[in-house]
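Quick notes on the structure that follows.
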Protein chains: 2
Amino acid sequence: MPHIVKSFDAELRRLEEGLARMGGLAETQLAAAIEALENRDSDLAARVMHDDSRVDAGESFINEQTVKVLALRAPVADDLRTVVAALKVSGEIERIADLAANAAKRSLVLNQLPPVAPMRSLIRLGRLALELVKDVLDSYLSHDAERALSLRERDQELDDVYSALFREILTYMMEDPRTITPCSHLMFIAKNLERIGDHATNIAELAYYRVTGKTVAEERTKKDVSSFIGADLS
Amino acid sequence: MPHIVKSFDAELRRLEEGLARMGGLAETQLAAAIEALENRDSDLAARVMHDDSRVDAGESFINEQTVKVLALRAPVADDLRTVVAALKVSGEIERIADLAANAAKRSLVLNQLPPVAPMRSLIRLGRLALELVKDVLDSYLSHDAERALSLRERDQELDDVYSALFREILTYMMEDPRTITPCSHLMFIAKNLERIGDHATNIAELAYYRVTGKTVAEERTKKDVSSFIGADLS
């Protein structure tokens, strides 16, 4: 039944295109949130917050499409993995965009306060997170399981930069308690960026699963050092 | 073919029992994390961190079970929704437990520092989050769509308590900069608890979807006020 097969392929392609569009949107949102922070651009930040609903709509589309494909086509093997992975990846992308929108929201507060020095390191962290998101989405959409797996190391790098930044912000607050308010927001934005790295890693693992059918057994060693530091600083 | 039908029911029941077990485990983890914070109990905190892998194993079980059911049974209608919802709910429960484990990890640092007053409010926030998680899981497992929907309001209450606590911690840090380090960890734990409320709300929405087949159209108005406050405090 070539007609049915063809139509099934078209549905899977639609799902994949939906993910690609959603991923591109999340990338744009994250890039804009970082730009808004760097340039203290409240208009841009407001646009990021507003556009978050477009990513949510993308997730709803993927959810509906996957349930439709599952119900009407009952896919198996590779195709089933593609559909199940799409369902999970859309959730991860939605969270990445959500964290970007939250960073934009906090930048509105920061723009009403004097600039603080650790912002430079925060922007660097943001760029690292953005690169990772881009590369992970590329590897997912190009079915490159090996590349996806190798990208997980970059999340470790992101965690290390985050931990150093957390220390930097803490020191800065203690040296000048008038910066406590802006620095608190910086801390949360930094944490958001670190978590974007975690979601990117989840996508990398789903890319691997989708292609190979295997889950990543090796437990990723999380070294979020910031939870452990600080005791000697107070 | 009664045999096949019966076996299918048994598989769905296994999925449901897996979710119930996983949910119970996450509740226990969260309760223990709060207790560890309240009693400055580092042994208990270490146990919470260690047991997080049990929740991860629960998620892997649910993932494998759902893919198996989808591949072998090709469920439709109610049954398909049950399977798709299980896949998503297990992800939400995993994140709740993960946030509880992170709170436990931070309590190890706090136990090396002098106690700070806002801990009392933090414990209150933790208890609210725990109650919400319990009630949401109950409503999911008992297929109570109306109750699940009504619980979303409790997340708003949690957000309000979180915002007040954020303000309290900020003020406390400014009055006594020596408390900046412990207070920073308190802020992150508070944020974790607030996010646990968001995941509970996601489960409530999945409970509604599973029973009714409808997604919650009405966009939940998020009032995470803490992102907007602080400008007048520095």
Side-chain angles (χ1 to χ4, degrees), chain A residues 53 56 60 63-64 66-67 70-77 80-81 83-84 87-88 91-92 95 98 102 105-106 108-114 166 169-170 173-185 187-188 191 198 202 209 213 215 219 224 226-234, chain B residues 53 56 60 63-64 66-67 70-77 80-81 83-84 87-88 91-92 95 98 102 105-106 108-114 166 169-170 173-185 187-188 191 198 202 209 213 215 219 224 226-234:
Chain A
S53 62
D56 293 344
S60 297
N63 285 351
E64 282 161 29
T66 50
V67 171
L70 287 171
L72 300 180
R73 307 291 180 173
V76 291
L80 176 58
R81 288 205 307 275
V83 176
V84 168
L87 195 65
K88 295 222 152 200
E92 303 291 343
R95 278 167 223 267
D98 199 44
N102 186 272
K105 191 156 83 161
R106 291 188 187 274
L108 291 182
V109 184
L110 288 172
N111 290 351
Q112 298 173 48
L113 301 166
F166 181 84
I169 297 171
L170 214 53
M173 285 163 112
M174 286 191 257
E175 279 170 5
D176 184 359
R178 287 167 307 171
T179 67
I180 285 176
T181 298
C183 281
S184 296
H185 288 287
M187 272 188 173
F188 278 114
K191 187 74 196 163
D198 292 343
N202 292 344
Y209 164 75
T215 54
E219 186 61 28
D224 172 2
S226 84
S227 305
F228 278 117
I229 64 171
D232 56 326
L233 292 173
S234 78
Chain B
S53 62
D56 293 343
S60 296
N63 285 352
E64 283 162 27
T66 49
V67 171
L70 288 170
L72 300 179
R73 307 292 181 174
V76 292
L80 176 58
R81 288 204 307 274
V83 176
V84 168
L87 195 65
K88 296 221 151 200
E92 302 291 344
R95 279 168 222 267
D98 198 44
N102 186 271
K105 192 157 83 161
R106 290 187 187 275
L108 290 183
V109 184
L110 289 172
N111 291 352
Q112 299 173 47
L113 302 166
F166 181 85
I169 298 173
L170 214 51
M173 285 163 111
M174 286 192 257
E175 280 170 5
D176 183 359
R178 287 167 308 171
T179 68
I180 285 177
T181 298
C183 281
S184 296
H185 288 286
M187 272 187 172
F188 278 114
K191 187 71 195 167
D198 291 344
N202 292 345
Y209 163 75
T215 54
E219 185 63 26
D224 173 4
S226 84
S227 305
F228 279 117
I229 64 172
D232 56 327
L233 291 173
S234 80

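Throughout, a chain's letter reflects where its sequence line sits, starting with A, and its residues are numbered from 1. All values below come from the heavy atoms of this structure, side chains included, with hydrogens, waters and symmetry mates left out.
- Interface remark: E175(B) contributes no atoms to any contact with chain A (heavy atom separation under 4.5 Å).
- Here the CD1 atom belonging to I180(B) is positioned 7.0 Å from the CG atom belonging to L170(A), to the nearest 0.5 angstrom.
- For D98(A), the side-chain contact (heavy atoms from CB on, under 4.5 Å) test picks out D52(A), E94(A), with sequence neighbours left out.
- Side-chain atoms of M173(B) and M173(A), non-hydrogen and from C-beta on, do get closer than 4.5 Å to each other.
- Nearest heavy-atom pair across S184(A) and M187(B) is OG-CE, 3.5 Å.
- By the side-chain contact (heavy atoms from CB on, under 4.5 Å) test, P75(B) is found to be paired with F8(B), V69(B), L70(B), R73(B), D79(B), L80(B), V83(B), residues two or more places apart in sequence or in another chain being considered.
- Per-residue heavy-atom pair counts under 4.5 Å with chain A were compared for E64(B), R81(B), K88(B), and the maximum is reached by K88(B).
- When each of T179(A), N63(A), T66(A) is scored by its heavy-atom pairs under 4.5 Å with chain B, the top score falls to N63(A).
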